[in-house]
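Okay, structure first, notes after.
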Amino acid sequence: MTTLRAITGTRDILPEEVSAWHRIEAVARTLFARYGYREIRTPVFETTELFARGIGADTDIVAKEMYTFDDRDGASVTLRPEATAGIVRAVIEHNLMNTDPALKVYALGSMFRRERPQKGRYRQFHQVDVEAFGLSRPSIDVEVIEVALAYLEACGLTRFELVLNSVGDAKCRPAYVETLRTELRRSASKLCADCQRRIETNPLRVLDCKVPGDQAIIDALPRISDHLCGECRDHFAEVRRELNLLGIPYRLSHRLVRGLDYYTRTTFEVVSGELGSQNSVLGGGRYDGLVKDLGGPDLTGIGFALGMERLVMLLPEQVIAGRCDVFLAPLVPAALDKALLLQRALRRAGFAVLMDPEGRSFKSQMKRADKLGARFVLILGEDEMAKGVWTLRDMAGSSQAEVKDDAVTGHLMEKLNG
Ligand code: ATP
Ligand code: MG
């Protein structure tokens with residue numbers, strides 16, 4: 001029989017790793033609340049149409065990465081490849097902006113993309129997602145960026161880089177895209193096949209190309225920063241002024257673009273040199289046209305999505321938290337009942353208590369207690385049974401003492417809480 005294995009591109013988060021996940025989840029909840037964000041949970045699958053409209057047909061995600069299938073009734077459904085489209089759908093469906101015109105939400109959860117699996121790139125992965133609706137001033141762009149960076153710092157990261165750009169808006173971008181297209185057509189034959197296609201479908205995405213041979217040509221292309229309209233230029237200048245005011249360093253990159261029409265103005269990304277080739281930790285930007293495009297009111301939006309697997313990879317080594325306050329070692333079969341009762345009482349008193357139920361030798365039980373990082377071991381052998389005591393061993397000080405049966409809980413409370 002062949003061994004059953006996890007599907008390519010999916011991975012198990014094993015108990016050893018899960019404490020890191022608990023940490024970044026807890027930090028997200030506390031930190032985002034401080035900025036006024038509340039959690040939203042949306043389904044992991046939605047109609048295919050939502051993503052086709054909400055992400056755009058000429059993107060890698062929609063063109064080749066979606067897990068799409070026909071449901072039993074023939075409806076086409078898709079496992080969510082990102083969170084924003086589903087959140088926007090929920091905002092519209094429940095009229096959330098009526099009760100809160102400045103709506104701030106965050107979400108944590110699994111995303112699904114059929115990519116080529118490699119380090120930091122999976123087919124099921126997890127994102128932290130932050131979105132703010134109905135706010136259009138530059139200050140909110142800066143706040144969203146600040147939340148992202150504060151989150152990374154609160155998780156213990158120190159080395160990362162913020163990359164920043166503005167992609168203009170519906171007024172100034174079309175003219176720039178045409179300029180770009182004209183320029184690109186001149187050097188089309190020297191570009192990779194993907195870029196040649198993009199010249200016609202979506203020239204902005206050429207700026208995103210990673211093919212080494214294309215880089216010199218792309219770097220010399222006209223820059224969007226020289227083609228912004230007055231309003232976009234002012235918005236971007238104010239974003240940078242406020243970032244400077246708050247002492248947030250950034251690097252400008254004219255090549256940081258989002259190829260979709262509803263993306264406007266500020267785009268940003270945080271990269272880390274420690275991630276290798278998948279160096280992007282999070283990406284975000286303003287998407288003022290999306291809510292309307294998905295059938296809602298004309299509501300601005302800005303947000304970011306962060307890859308949790310990549311964040312976990314970057315976390316500084318953590319001391320694994322002790323999992324055991326007290327280890328119980330009943331050494332003879334007759335000691336079992338007393339051990340079971342004490343185990344229950346101690347757990348109810350709030351302690352993490354473990355016991356080796358297999359009746360192994362004293363030596364192997366002590367080894368196990370040591371491995372579990374137990375702070376105290378309570379030993380119950382024939383001697384102790386006869387005297388009505390437990391032997392309490394302090395693993396740190398390696399001292400031991402006898403404690404009367406009825407005093408054990410109180411004694412431990414004092415030692416462990418004190
Ligand atoms: P990339 O350029 O790495 O493919 P992307 O532009 O597709 O990233 P976004 O859609 O902006 O990424 O997603 C935001 C974040 O989610 C990324 O910065 C990354 O940390 C994470 N991410 C994206 N795709 C994957 C994946 N397949 N596996 C793990 N993490 C991912
Ligand atoms: Mg991608």
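Computed over heavy atoms, backbone and side chain alike; hydrogens, waters and symmetry mates excluded. Counting convention: from 1, in listed order, for ligands and their atoms alike. Throughout, numbering of the chain's residues begins at 1 and tracks the sequence.
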Q. Under a strict 4.0 Å criterion on non-hydrogen atoms, which protein residues are in contact with ligand 1?
A. R113, E115, G120, R121, Y122, F125, Q127, R258, S280, V281, L282, A305, G307, R310
(Q) Could you measure the distance from the CZ atom of R89 to the OG1 atom of T84? Nearest 0.5 Å is fine. (A) 13.0 Å
Q | Salt-bridge present (K190, D214; N to O < 4.0 Å) | A | no
Q: For E146 and Y35, test the side chains for any donor-to-acceptor distance below 3.5 angstrom and give the result as yes or no.
A: yes
**Q.** Row check, F236 ring normal vs R240 NZ/CZ: under 6.0 Å, within 45°
**A.** yes
Q: Report yes or no: is the cationic atom of R11 (NZ for Lys, CZ for Arg) closer than 6.0 Å to the six-membered ring centre of Y122, at no more than 45° off its axis?
A: yes
Q. Closest heavy-atom contact between H254 and V257?
A. O-CG1, 4.2 Å
